[in-house]
Each structure stands twice: as C-alpha cells, then as structure tokens.
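The structure appears below as structure tokens.
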Protein chains: 2
Amino acid sequence: MTGQVRTVDGRVAGRRGQETRQKLLDCLREMLSTSPYRDVKVIDVARMAGTSPATFYQYFPDVEGAVLEIAEEMAKDADTLKELVAGKSWAGKSGPTTSEELVDGFLAFWRKNDAILRVVTLGAAEGDKRFFKIRMTVLNAVAKPLAEAVKELQAKGQADKSLDPNAVAGALVSLLASAAEHQKAFTSWGVKVKDLKPNLAPLVYLGVTGKKAPK
Amino acid sequence: MTGQVRTVDGRVAGRRGQETRQKLLDCLREMLSTSPYRDVKVIDVARMAGTSPATFYQYFPDVEGAVLEIAEEMAKDADTLKELVAGKSWAGKSGPTTSEELVDGFLAFWRKNDAILRVVTLGAAEGDKRFFKIRMTVLNAVAKPLAEAVKELQAKGQADKSLDPNAVAGALVSLLASAAEHQKAFTSWGVKVKDLKPNLAPLVYLGVTGKKAPK
DNA sequence: AACTTGTCCTGTCATGCCGTCAGCTTACCG
DNA sequence: CGGTAAGCTGACGGCATGACAGGACAAGTT
C-alpha cells in the first residue's frame, strides 16, 4: 500500500520520528482551529510541539504540505459517511428518517473537522487539484450513493425524471456542506442551530423525492 | 456620508493619493485571482503597482485590511441582486422563469467576483465578524426578498407552512453560493457548466413553492 | 565497554518579507 | 515665491523561511 513514512530528504522515519511527526500534525491541526489559515506559521507549530522549525521541514515541505496530510487522513475517515445513505430507504415513513439521519450525520462530520475542511474548501476553490480531489472524496462519499438513490426512485417512477440525478445529489450535498460551514449565517437569519436539522431535512427529502415530506 | 479617504496616519488623501490607493487595490484584486490567498504578499502587490511596500502601508494596515476594502465595494454592488427576486412572481408559468433568472443572475455575480468572494467566505468561516457581515450583505440581497416570497406563498396556502421561510431562503441561497463557488465539482459529477442553470433552477423552484416545476 | 550504523534533532546561516520612520520630493495655494 | 500638507521611498531591525552539517541518541555487534 502506502510505503513507509519518509522524511523530505528520503530517509525512513522510525518510531521516534513518527511520534514527532504526528505531534507536529496534531499541533498544526490545533493551530488551524484557533488562528486564521493565513497566519499559521511553521515556527508557531514547531514551538507548540516543543521542537524547532528545522524539524518541521524534515517531515513536510511547507505548511500546505502538512495540511494536505491532515486532509488526507480526514478524507479516509469520510468513508463512514457512505453508510448514511447506502442501503437506506426513501419510501414511506422511513424516507424522512433517512433524510434526517443524513443531515445529522453530515453536519456532525463537518463540525468535527471544520478547521481542516475550511482550508480544503479554500484550496479547492482556488483551483488546487490536490485539495479539490480531497474535497470530492468527502462529498462523493454522500453524493454517489445519493445519486444512486435518486436514479432508483426515477426508475420506479417515483421522482421527476427530467432532472439529472448527479446534479440533484451534487446540489444537495453542496447545500449540506455550505450549511455546515456557515451555521452562523443561519443563526443570523433567525434559525437556531438546533432548528437547522428539522429545516434542512425536509428540503433534502424534497430534493430527492420531488415531493413534500409526509408527516 | 463616509468621511474622506484617509491614510493610516490620518492625513486626507488627495487626487494623486487616491489614484495610488486605487491602483494598489486593483493590483491586489488581480493578485487574488491568480495566486493562493496565503501567498499574496504586500511586496508583490506593491511591485505590481510600480510602487514600494511602504506606500502600501500608508493606505492599508495590512493585506487583510485592503481585502476588506475590495470586499465592501463588492458588497455595495450586490445590491443589484435584489432585483432578481423582489417583485417577481412565482405563480403559474412565470415561476420557473423567475427561478431561472435568479440562478443565472446569482451565478453570474459570483463568477464575476469569485476571487474576492473566496476570501470573504474563508474569513466568514473562520469567524471574522467583518467578513461575516459582508458575506451576509451579499447573501441577504437575495435571501431577504426570497424569504418574503416564501412567506407570501405560505399565506396564500400555496406552500408548505411547516417550513421556516428564513430557513428555506437561507438554504437556497447557500446552495447557490456553494454551487457558484465550486462549479468544478459539478463538472466532475458529469454536470456540464451550461447544464448547471437548468438543473439548479427547478430545485430552487421546488424549494420555494414546494411543488414540481410545471413544464 | 567500545564500536558501528542509521535515525533524529538543532544551531546556524543566507535570504527575503514585514512593518515603521525619518526625510526627501511634489503639488497646491495665497 | 515661500509655506504647508500630501505623497513617496530608502533604510532598518525583526522575524519567518528553508537548507545544511554536525552532534545526540538508540540499538545492535563484537
């Protein structure tokens, strides 16, 4: 699979080295969630990890390189999001439940990784292919199975066939991502955080099935 | 109204000064659309403007301060977005048209200002109040009148009353913003850029009215 | 215990950007 | 033409960057 962990100059990292490396990543993650991305400096991360800038550069080419590492870690974790949609039913009473669980699970995941996802989102928007790919991995964990669900409903004649399932799924996932990243915006619209789920879920259900949620 | 333009150390800027200042802003805007935000340096902006870093610091406290300036300019411009919704009808055949024009206008605005909006979005997500406010100004230009439209439809019994109009409007605007910022994501889902509008418009219509778009 | 080997860390250095200030130049006005 | 305020920059201390060489350290060998 992935070869062993290597330093920038090609050596293989041993136990102690991996620990230091991990500590640097942890401190960077911490740093990202407390200061603006633009202000995160190598020297601060190194200081927090109780080591020197030179050590940082032994394991990562620059801040961005280390961020990518964290992001890839998170992208693996995003695999669990698949379960929120795959194999779930959108028919009858279970439909709204599926929708609610999806919204809830997605928001929770985003909240848990908000700092790193912010940077990934920025990188992707700026056209960086590596960040773009990572963002797609996360979104696809939900979008792919969701598109399948829409396709199935269309085939059964239970949804509007004039819409592209990929577009619908993509739009819904985009909505969830945006809502998760900017929860404060909803607060300022008078929608409390705890009301976010009950308001988003019917919209997702509406998007997938094309009809109002039954109550 | 707004006092005259002032330098950081309190002098009032004259004709020449304002020109230099504007040139710096223009170069910064250009810079933002060609390099990652993290890599935009004062010295590069100054060089591009054919002046010195010290001059930059005469007009702006730092890069962020100058970016805020550009963003505020854009926020004013966003006022025109109101017309995409205010006074438009969602009934009958004109509904889908309204929806299409909204999607089209919004995407166009975002595309035109994508570089600065990227930074605003990041700043808002990082919790910076100034950027958050600017982002809300832009989104509210659409979200407020859209929420009004939903309220009216609900009052007439033509839309689902169990949903919070503010939440619905907010969600739809979030969707549009996210789609605009990450058009490439849709491309990778097999949705061509020119198919974005025809796919988003029905979803917006669906969200506002709660029913399928008539064809 | 001395030696070897390869990993791991840091002191140091050249380079370049940051942000400030004093002082020079330019434009305007009476 | 002289005064005044605006406008610009050279120069500087401070700090981050990124590279390297050499020393510390752990683990196994003789």
Side-chain angles (χ1 to χ4, degrees), chain A residues 2-32 34-70 119 123 128, chain B residues 2-28 30-32 34-69 119 123 128:
Chain A
T2 78
Q4 314 114 305
V5 181
R6 286 185 174 272
T7 58
V8 168
D9 53 335
R11 278 205 301 278
V12 256
R15 184 190 57 79
R16 195 150 81 100
Q18 299 216 16
E19 272 174 25
T20 307
R21 199 183 124 99
Q22 193 54 51
K23 193 168 197 176
L24 285 168
L25 286 177
D26 291 344
C27 290
L28 174 55
R29 188 189 267 114
E30 162 92 25
M31 206 101 227
L32 283 176
T34 53
S35 10
Y37 180 45
R38 204 168 192 284
D39 298 341
V40 171
K41 307 285 180 197
V42 168
I43 197 166
D44 296 323
V45 178
R47 256 200 287 262
M48 185 185 285
T51 178
S52 81
T55 302
F56 182 97
Y57 286 108
Q58 200 152 54
Y59 295 105
F60 312 102
D62 50 24
V63 171
E64 208 188 53
V67 167
L68 267 171
E69 194 85 4
I70 298 177
V119 180
D128 186 302
Chain B
T2 79
Q4 315 112 305
V5 182
R6 286 185 175 273
T7 58
V8 169
D9 53 336
R11 282 205 299 276
V12 258
R15 185 191 54 80
R16 194 150 82 102
Q18 300 218 14
E19 273 174 23
T20 306
R21 201 182 123 98
Q22 193 54 51
K23 193 168 196 175
L24 284 168
L25 285 178
D26 291 343
C27 290
L28 174 55
E30 161 92 25
M31 207 100 225
L32 283 176
T34 54
S35 5
Y37 181 45
R38 204 169 191 284
D39 299 341
V40 171
K41 310 284 179 197
V42 168
I43 198 168
D44 296 323
V45 178
R47 259 201 284 261
M48 185 184 286
T51 179
S52 81
T55 302
F56 182 96
Y57 286 106
Q58 200 149 57
Y59 295 105
F60 310 102
D62 50 22
V63 171
E64 208 187 55
V67 166
L68 267 170
E69 194 85 5
V119 180
D128 186 302

>> Just to be sure I understand the rule, does Y59(A) reach a base, reach only the sugar-phosphate, or reach nothing, if contact means heavy atoms closer than 4.0 Å?
In response: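 Sugar-phosphate contact only.
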>> Under 4.0 Å, heavy atoms only, any strand: does R6(B) hit a base, just the sugar-phosphate, or nothing?
In response: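 It contacts nothing in the nucleic acid.
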> How would nucleotides 23-30 of chain C be written as a contact map, 5' to 3', with B for base contact, S for sugar-phosphate-only contact and - for no contact, using protein heavy atoms under 4.0 Å?
Replying inline: --------
> Going through the checks in order, is the side chain to side chain contact (heavy atoms under 4.5 Å, CB included) test met by Y37(B) and V67(B)?
Replying inline: CA-CA 10 Å; Y37(B) 181 45; V67(B) 166; 4.2 Å; yes
> Should E19(A) and K23(A) count as an ion pair when the cut-off is N to O under 4.0 Å?
Replying inline: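 Judged by the 4.0 Å cut-off on N to carboxylate O distance, E19(A) and K23(A) do not form a salt bridge.
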>> I need the residues from residues 48-57 of chain A with at least one non-hydrogen atom less than 4.0 Å from DNA chain C; give them sorted by number, or say none.
In response: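 Listed by number, they are T51(A), S52(A), A54(A), T55(A).
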>> Counting only heavy atoms and a strict 4.0 angstrom limit, can you tell me which residues of residues 17-25 of chain A come near DNA chain C?
In response: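 Those residues whose heavy atoms fall under 4.0 Å from DNA chain C, taken from residues 17-25 of chain A in numerical order, are G17(A), T20(A).
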> Ignoring hydrogens and geometry, is there a side-chain-to-backbone donor-acceptor pair from S35(B) to D39(B) under 3.5 Å?
Replying inline: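 Not confirmed, S35(B) side chain does not pair with D39(B) backbone.
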>> Let's go through R38(A) and V63(B) carefully: what are the C-alpha distance in whole Å and the side-chain angles of both, what is the deciding distance for side chain to side chain contact (heavy atoms under 4.5 Å, CB included) to 0.1 Å, and is it a yes or a no?
In response: CA-CA 10 Å; R38(A) 204 168 192 284; V63(B) 171; 3.6 Å; yes
> Are any of the side-chain heavy atoms of L25(A) and F60(A) separated by less than 4.5 Å?
Replying inline: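 The answer is yes, as the side chains (C-beta and beyond) meet within the 4.5 Å cut-off.
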> Restricting to pairs with a member in residues 54-66 of chain B, which pass salt bridge (Lys or Arg N to Asp or Glu O under 4.0 Å), not counting sequence neighbours?
Replying inline: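 Of all non-adjacent pairs touching residues 54-66 of chain B, those that pass salt bridge (Lys or Arg N to Asp or Glu O under 4.0 Å) are E64(B)-R130(B).
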>> Give me each pair satisfying salt bridge (Lys or Arg N to Asp or Glu O under 4.0 Å) with a member in residues 43-52 of chain A, each pair once, sequence neighbours excluded.
In response: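 Every pair satisfying salt bridge (Lys or Arg N to Asp or Glu O under 4.0 Å) with a residue in residues 43-52 of chain A: D44(A)-R47(A).
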>> In this structure, how many angstroms lie between the P atom of dA19(D) and the CZ atom of F60(A), rounded?
In response: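 It is 15 Å, rounded to the nearest whole Å.
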> Which residues, if any, of residues 36-46 of chain A bring a heavy atom under 4.0 Å of DNA chain D?
Replying inline: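 By residue number: K41(A), V42(A), I43(A).
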>> Could you walk me through whether V42(A) and Y57(A) satisfy the side chain to side chain contact (heavy atoms under 4.5 Å, CB included) test, starting with their C-alpha distance in whole Å, then the side-chain angles of each, then the deciding distance to 0.1 Å, before giving a yes or no?
In response: CA-CA 9 Å; V42(A) 168; Y57(A) 286 108; 3.3 Å; yes
